[in-house]
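Please read the structure below before turning to the comments.
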Amino acid sequence: MRKTLPSLAALGLATLFYATPGTAAEIDVRQMDLTEGPWALGTGGEACQLILGDAEVKGGRHLDGGAECSGINPALGQATKWRIDVPHELVFLNDGGRVLAKMNYDEAKSVFTGISANGDPLVLSQSE
């Protein structure tokens, strides 16, 4: 019986990890506070405006401009929220919390970089 209890506990723990949908990395709230505001998303001469909002929503913060940026990155067409996961990964999500796109922070250039759904390089830089 003693061998069974640890095995059941391990099975229960494994089930918990696999059954939890959308388990995210640690959210970097401090970095989010520093990042909110207007940003320009660009690739190959095209650009659009994203507003990384400060209003909290389930799973992140409110995003404006996702649909307007769908020409640059089609994955953003349904993006309505954003968050920053540790370490410095900007994540765009839809209303249901599904991850649509990710970008990494380049400290040397103070921009986020990524690849669009079309395979084009993306740069997200803070607007003035």
Side-chain angles (χ1 to χ4, degrees):
M1 181 90 169
R2 285 189 177 165
K3 285 185 179 180
T4 309
L5 288 177
S7 298
L8 289 175
L11 178 62
L13 187 58
T15 303
L16 174 66
F17 283 120
Y18 288 108
T20 306
T23 302
E26 182 182 349
I27 296 175
D28 190 339
V29 175
R30 185 186 68 76
Q31 187 66 35
M32 289 175 72
D33 291 341
L34 297 171
T35 305
E36 56 194 36
W39 289 75
L41 179 66
T43 186
E46 290 184 68
C48 64
Q49 186 81 15
L50 288 173
I51 306 293
L52 304 181
D54 61 352
E56 292 187 23
V57 294
K58 184 178 179 183
R61 294 192 182 164
H62 181 73
L63 172 74
D64 283 321
E68 290 81 10
C69 289
S70 64
I72 291 176
N73 186 2
L76 293 179
Q78 297 177 7
T80 58
K81 42 185 148 176
W82 68 281
R83 69 173 187 245
I84 295 180
D85 291 345
V86 174
H88 308 300
E89 183 176 57
L90 176 61
V91 180
F92 296 101
L93 308 108
N94 68 6
D95 282 336
R98 192 178 100 227
V99 173
L100 301 172
K102 294 181 179 185
M103 300 183 82
N104 293 307
Y105 189 66
D106 181 336
E107 279 189 69
K109 296 178 182 175
S110 298
V111 299
F112 287 94
T113 61
I115 303 294
S116 77
N118 297 331
D120 299 322
L122 297 172
V123 175
L124 184 66
S125 55
Q126 202 156 24
S127 298
E128 297 182 22

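Numbers here simply count residues along the sequence, with the first being 1. Note that the structure is predicted; figures quoted are calculated from it, not measured.
- Contact record, Gln126 with Trp39: N-CE3, 3.1 Å, taken as the closest heavy-atom pair.
- The two residues Leu122 and Ile72 come nearest to each other via the heavy atoms CD2-CG2, 3.5 Å.
- Considering every non-hydrogen atom in both Ile115 and Pro121, the closest pair reads CD1-CA, 4.1 Å.
- Residues Arg83 and Val99 form a side-chain contact, since some pair of their non-hydrogen atoms from C-beta on lies under 4.5 Å apart.
- Shortest non-hydrogen contact noted between Ser70 and Gly77 is CB-CA, 3.6 Å.
- With values rounded to the nearest 0.5 angstrom, Met32 atom CE is found 9.0 Å from Leu90 atom CG.
- In this structure a side-chain-to-backbone donor-acceptor pair under 3.5 Å is missing from Trp82 to Glu36.
- Tyr105 places none of its side-chain heavy atoms less than 4.5 Å from the side chain of Ile84.
- Residue Val91 comes nearest to Lys102 through the heavy atom pair CG2-CG, 4.2 Å, listed as atom of the first residue, atom of the second, then distance.
- Using a 4.5 Å cut-off on side-chain heavy atoms (C-beta onward), Leu100 and Leu76 make no contact.
- Within the 4.5 Å cutoff, the side chain of Thr35 has heavy atoms near those of the Phe112 side chain.
- The cluster map of Ile, Leu, Val, Met, Phe, Trp and Tyr, joined by side-chain heavy atoms under 4.5 Å apart, puts Val111 and Leu50 in different clusters.
- Considering CG of Leu63 and CG of Asn94, their distance stands at 11.5 Å, rounded to 0.5 Å.
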Determine, stepwise, if the pair Thr80 / Val57 fulfils side chain to side chain contact (heavy atoms under 4.5 Å, CB included). CA-CA 10 Å; Thr80 58; Val57 294; over 6 Å; no
Any chance you could lay out the side chain to side chain contact (heavy atoms under 4.5 Å, CB included) test for Arg30 and Leu34, step after step, and finish with the verdict? CA-CA 7 Å; Arg30 185 186 68 76; Leu34 297 171; 3.3 Å; yes
Side chain to side chain contact (heavy atoms under 4.5 Å, CB included) evaluation trace for Glu68 with Gln49: CA-CA 8 Å; Glu68 290 81 10; Gln49 186 81 15; over 6 Å; no
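- Interatomic distance, Met103 CE to Asn73 CG, rounded to the nearest 0.5 Å: 8.0 Å.
- Closest of all the heavy-atom pairs between Ala40 and Ser127 is N-OG, 3.3 Å.
- Note that NE2 of His88 is 5.0 Å distant from CD of Glu107, once rounded to the nearest 0.5 Å.
- Following chains of ILVMFWY side-chain contacts shorter than 4.5 Å, one can reach Leu52 starting from Val29, so the two form part of one hydrophobic cluster.
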Checking side chain to side chain contact (heavy atoms under 4.5 Å, CB included) for the pair Ser116/Thr43: CA distance, chi angles, key distance, verdict? CA-CA 9 Å; Ser116 77; Thr43 186; 6.0 Å; no
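- Side chain of Asp85 to main chain of Glu89: no donor-acceptor pair is present (N/O by atom type, distance under 3.5 Å, no hydrogens or angles).
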